[in-house]
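Just so you know, these numbers come straight off a predicted model, no measurement behind them. For this chain, numbers begin at 1 and follow the sequence in order. First listed ligand is number 1; within each ligand, the first listed atom is number 1.
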Amino acid sequence: MGNILDGKALSAVVKDEVRSEVAELEKKYGRKPCLCVIIVGENPASQVYVRNKVKAAAYTGMESLLIELPASVSEEELLRKISELNSDDSVDGILVQLPLPKHIDEEKVIDAIAPEKDVDGFHPSNVAGLWLGKDCIVPCTPAGVMRLLDSAGIDLCGKTAVVVGRSNIVGKPVAKLLLDRNATVVIAHSRTADLGAVTRQADVLVVAVGRAGLITGDMVKPGAVIIDVGMNRDAEGKLCGDVDFASCSEKASWITPVPGGVGPMTIAMLMKNTIRCFRARV
Ligand code: BQF
């Protein structure tokens, strides 16, 4: 058992789709989509993520604008920068890399981004749109998870999907997207009693907690599809997910690796969202 759901390969397909769309859009509208990425401070993980985003934008042929602000920047200054970018017609997508330094209120910052330029899909009007079933910008990681499931032809109708984790960025939106496909969705979390008893019900198991080794083979139903959204460093400093790959891949029908699973899909879907924002503005 245990076919690999290869996010790296699929992300290349998605980025190539975006690349041809960018070329078409430029021909049609005389300009390329432009993604603006703002990073505050020097968190090394954030720097890697931002580099991945700028590199992907370059690959697809779109424009990007990287704004690097010192950790000492005031909330007011950051909000002023966002407001400036909101009214800049050459900018289609705006993303502020999270987490932010403690003196800055993330909620205020997200609320300040124009919803039509909110490529992360974190703005309350996009969140509302998702939960009301409107056609709106979907957060990148959940969108990437769905694209991975679709690529393997996994039919979700009537299946039990268990999402472990309840963040606004992954757990909650991915649960809604699974529900939209007629899965029976259970959301488990750090206070769930007997997590294994719950995860063993899962035909599709999505894990987004941030704890290495949280899910072991004994917690998996034979034949389950496992999507590992975790992004941790093990004792040797190597990237690993929340799922113990060795024991879980023996039980699973499909499983995403870390690295090379959901991570690259997050970046690819960000490119898709930028195209979407461009189209909504031209
Ligand atoms: C890979 C992220 C936690 C908190 C904030 C490719 C990425 C990661 C892994 C990446 C992530 C995780 C991003 C791989 C962006 C995904 O090869 O496996 C790409 O760049 N990600 C982020 O922007 O913020 C995060 C995880």
Side-chain angles (χ1 to χ4, degrees), residues 4-15 18 35-60 64-69 93-102 104 106-107 109-110 113 118-123 137-148 151 163-174 206-212 214 226-234 236-243 245 249 254-274:
I4 302 287
L5 262 173
D6 187 341
K8 193 163 162 86
L10 183 58
S11 73
V13 171
V14 173
K15 283 188 288 183
V18 171
L35 171 64
C36 178
V37 180
I38 303 175
I39 181 169
V40 180
E42 302 191 341
N43 178 319
S46 292
Q47 288 174 321
V48 171
Y49 299 149
V50 161
R51 214 176 310 133
N52 289 343
K53 293 169 189 183
V54 170
K55 250 177 57 184
Y59 177 82
T60 65
S64 69
L65 184 58
L66 174 58
I67 299 181
E68 296 170 288
L69 299 172
I94 303 169
L95 163 175
V96 179
Q97 184 65 41
L98 302 180
L100 287 168
K102 283 186 297 292
I104 300 176
E106 285 186 357
E107 194 179 329
V109 169
I110 291 167
I113 297 171
D118 170 35
V119 282
D120 267 336
F122 295 163
H123 189 280
I137 299 164
V138 174
C140 305
T141 301
V145 168
M146 300 312 288
R147 180 86 192 234
L148 274 164
S151 76
V163 178
V164 188
R166 52 175 154 179
S167 69
N168 290 329
I169 293 175
V170 183
K172 283 191 271 188
V174 88
V206 180
V207 190
V209 172
R211 234 182 91 197
L214 176 68
I226 304 179
I227 308 290
D228 188 353
V229 187
M231 194 60 49
N232 314 292
R233 301 249 164 216
D234 69 9
E236 286 113 65
K238 272 195 301 187
L239 216 54
C240 68
D242 293 346
V243 172
F245 188 86
S249 62
W254 291 95
I255 184 167
T256 59
V258 177
V262 175
M265 290 306 296
T266 295
I267 303 297
M269 300 319 277
L270 173 65
M271 301 300 114
K272 282 274 186 193
N273 280 354
T274 306

Heteroatom proximity flag, Gly260 to ligand 1, N/O under 3.5 Å =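 Yes: some nitrogen or oxygen of Gly260 is under 3.5 Å from one in ligand 1.
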
Measure Val262 to ligand 1 on non-hydrogen atoms and call it side chain, backbone, both or neither using the 4.0 Å cut-off.
->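 No part of Val262 is near ligand 1 at this cut-off.
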
Check Lys8 against ligand 1 and report side chain, backbone, both or neither, counting heavy atoms closer than 4.0 Å.
-> neither

At a 4.0 Å cut-off, with the gap strictly under it, does some heavy atom of Val258 reach an atom of ligand 1?
-> no

Within the distance-only criterion (no hydrogens, no angle test), does the side chain of Thr256 pair as donor or acceptor with the backbone N or O of Asp228 below 3.5 angstrom?
->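 Side chain of Thr256 to backbone of Asp228, a donor-acceptor pair under 3.5 Å: yes, one is there.
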
Taking Thr274 for the side chain and Leu270 for the main chain, is one N or O donor matched with an acceptor at less than 3.5 Å?
->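 Confirmed, Thr274 side chain pairs with Leu270 backbone.
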
Rounded to the nearest 0.5 Å, what's the gap from [atom1] on [X] to [atom2] on [Y]? Could you check?
| X | Y | atom1 | atom2 | value |
| --- | --- | --- | --- | --- |
| Ile169 | Phe122 | CD1 | CZ | 4.0 Å |
| Ser46 | Leu98 | OG | CG | 8.0 Å |
| Leu10 | Lys15 | CG | NZ | 11.0 Å |

Checking side chain to side chain contact (heavy atoms under 4.5 Å, CB included) against Val262, which of Leu148, Val206, Leu5 comes through?
-> Leu148

Using heavy-atom distances, let me know which of Met231, Lys53, Lys55, Met265 sits nearest atom 23 (O) of ligand 1.
->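 Looking at heavy atoms only, the winner is Lys53.
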
Among Asn52, Ile39, Thr256, which residue places a heavy atom closest to atom 7 (C) of ligand 1?
->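 Ranked by closest heavy atom to atom 7 (C) of ligand 1, first place is Asn52.
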
Provide the number and element of each atom of ligand 1 under 4.0 Å from a heavy atom of Pro259.
->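 Result: 1 (C), 17 (O), 18 (O).
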
Give the numbers and elements of all ligand 1 atoms closer than 4.0 Å to a heavy atom of Gln97.
-> 22 (C), 23 (O), 24 (O)

Do other residues, nucleotides or ligands put more than 12 heavy atoms under 6.0 Å from the CD atom of Glu107?
->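 No, because the 6.0 Å sphere around CD of Glu107 holds 12 heavy atoms or fewer from other groups.
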
Looking only at protein heavy atoms, what sits closest to atom 12 (C) of ligand 1 is Tyr49 CE2, 3.8 Å

